[in-house]
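The shown structure was predicted, so the numbers you read here are calculated from the model rather than taken from an experiment.
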Amino acid sequence: IAGIKTLAMAFALLFAVLYVISGFAAITVGTDPRTKDVHLDEYFHNIPASMFTAFRCFTGECMNEAGQPITHMLAAQFGLPSILAYVASYMLVTMGIFNVIL
């Protein structure tokens with residue numbers, strides 16, 4: 001039963017981190033007109049959509065409906081800040097939180 005409590009806390013931590021990252025993404029990427037130019041606004045228009053997109057990107061499925069990588073499209077539109085933010089958040093989630101869960 002102690003293992004279930006630890007797993008539940010790890011999932012709560014993952015949810016909280018995804019919520020914060022998605023909030024920033026919805027505020028910055030979701031409201032920027034350049035996002036609509038590359039048809040990524042549906043992935044970042046609100047926090048639930050941003051959370052689902054972030055979770056997909058952290059687990060390896062980071063493509064839009066046309067099969068293009070979302071991270072590459074964001075890097076092309078927003079440049080180095082988006083790359084650094086993605087790498088930092090990816091390292092936090094996959095190497096930090098996923099390590100606790102797995």
Side-chain angles (χ1 to χ4, degrees):
I1 202 119
I4 294 173
K5 182 179 175 184
T6 303
L7 187 61
M9 292 302 292
F11 281 136
L13 178 63
L14 175 63
F15 181 83
V17 170
L18 276 176
Y19 184 80
V20 170
I21 291 170
S22 300
F24 284 124
I27 290 169
T28 57
V29 176
T31 59
D32 196 295
R34 293 178 288 181
T35 307
K36 292 185 180 192
D37 294 343
V38 291
H39 308 292
L40 291 178
D41 53 328
E42 66 186 80
Y43 299 106
F44 298 102
H45 69 279
N46 60 20
I47 291 179
S50 294
M51 284 181 75
F52 184 62
T53 303
F55 184 76
R56 286 179 46 212
C57 287
F58 294 144
T59 56
E61 174 60 33
C62 197
M63 304 284 180
N64 65 4
E65 291 179 2
Q68 301 166 323
I70 293 172
T71 52
H72 178 70
M73 296 172 76
L74 289 174
Q77 289 296 316
F78 296 99
L80 186 62
S82 71
I83 296 169
L84 294 176
Y86 177 73
V87 169
S89 61
Y90 186 84
M91 288 178 66
L92 172 70
V93 172
T94 58
M95 296 179 189
I97 298 172
F98 283 172
N99 191 29
V100 171
I101 294 173
L102 299 174

Taking C-beta and beyond as the side chain, do F52 and L18 meet within less than 4.5 Å on heavy atoms?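 They are not in side-chain contact.
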
So, the side chain of [X] versus the backbone of [Y]: is there a donor-acceptor pair under 3.5 Å, distance only?
{"X": "T53", "Y": "Y43", "value": "yes"}
{"X": "T35", "Y": "V29", "value": "yes"}
{"X": "R56", "Y": "C62", "value": "no"}
{"X": "S22", "Y": "Y19", "value": "no"}
{"X": "D41", "Y": "H45", "value": "no"}

Can you confirm whether more than 12 heavy atoms, excluding those of F78, are under 6.0 Å from its CZ atom? yes

Hey, what do you get for [atom1] ([X]) to [atom2] ([Y]), rounding to the nearest 0.5 Å?
{"X": "K36", "Y": "Q77", "atom1": "NZ", "atom2": "CD", "answer": "14.0 Å"}
{"X": "T71", "Y": "M63", "atom1": "OG1", "atom2": "CE", "answer": "7.5 Å"}
{"X": "I47", "Y": "I21", "atom1": "CD1", "atom2": "CD1", "answer": "12.5 Å"}

Determine the minimum heavy-atom distance between [X] and [Y], stating which atoms define it.
{"X": "N64", "Y": "I70", "value": "N-CG1, 3.8 Å"}
{"X": "T59", "Y": "F55", "value": "OG1-O, 2.9 Å"}
{"X": "C57", "Y": "Y90", "value": "O-CE1, 4.0 Å"}

Verify same cluster id: [X], [Y] (apolar side-chain graph, 4.5 Å):
{"X": "F58", "Y": "M51", "result": "yes"}
{"X": "L13", "Y": "L92", "result": "yes"}
{"X": "F15", "Y": "V93", "result": "yes"}
{"X": "M73", "Y": "L84", "result": "no"}
{"X": "Y86", "Y": "V17", "result": "yes"}

Decide side chain to side chain contact (heavy atoms under 4.5 Å, CB included) for E65 and E42; before the verdict, give the C-alpha distance in whole Å, the side-chain angles of both, and the deciding distance to 0.1 Å. CA-CA 11 Å; E65 291 179 2; E42 66 186 80; 3.5 Å; yes

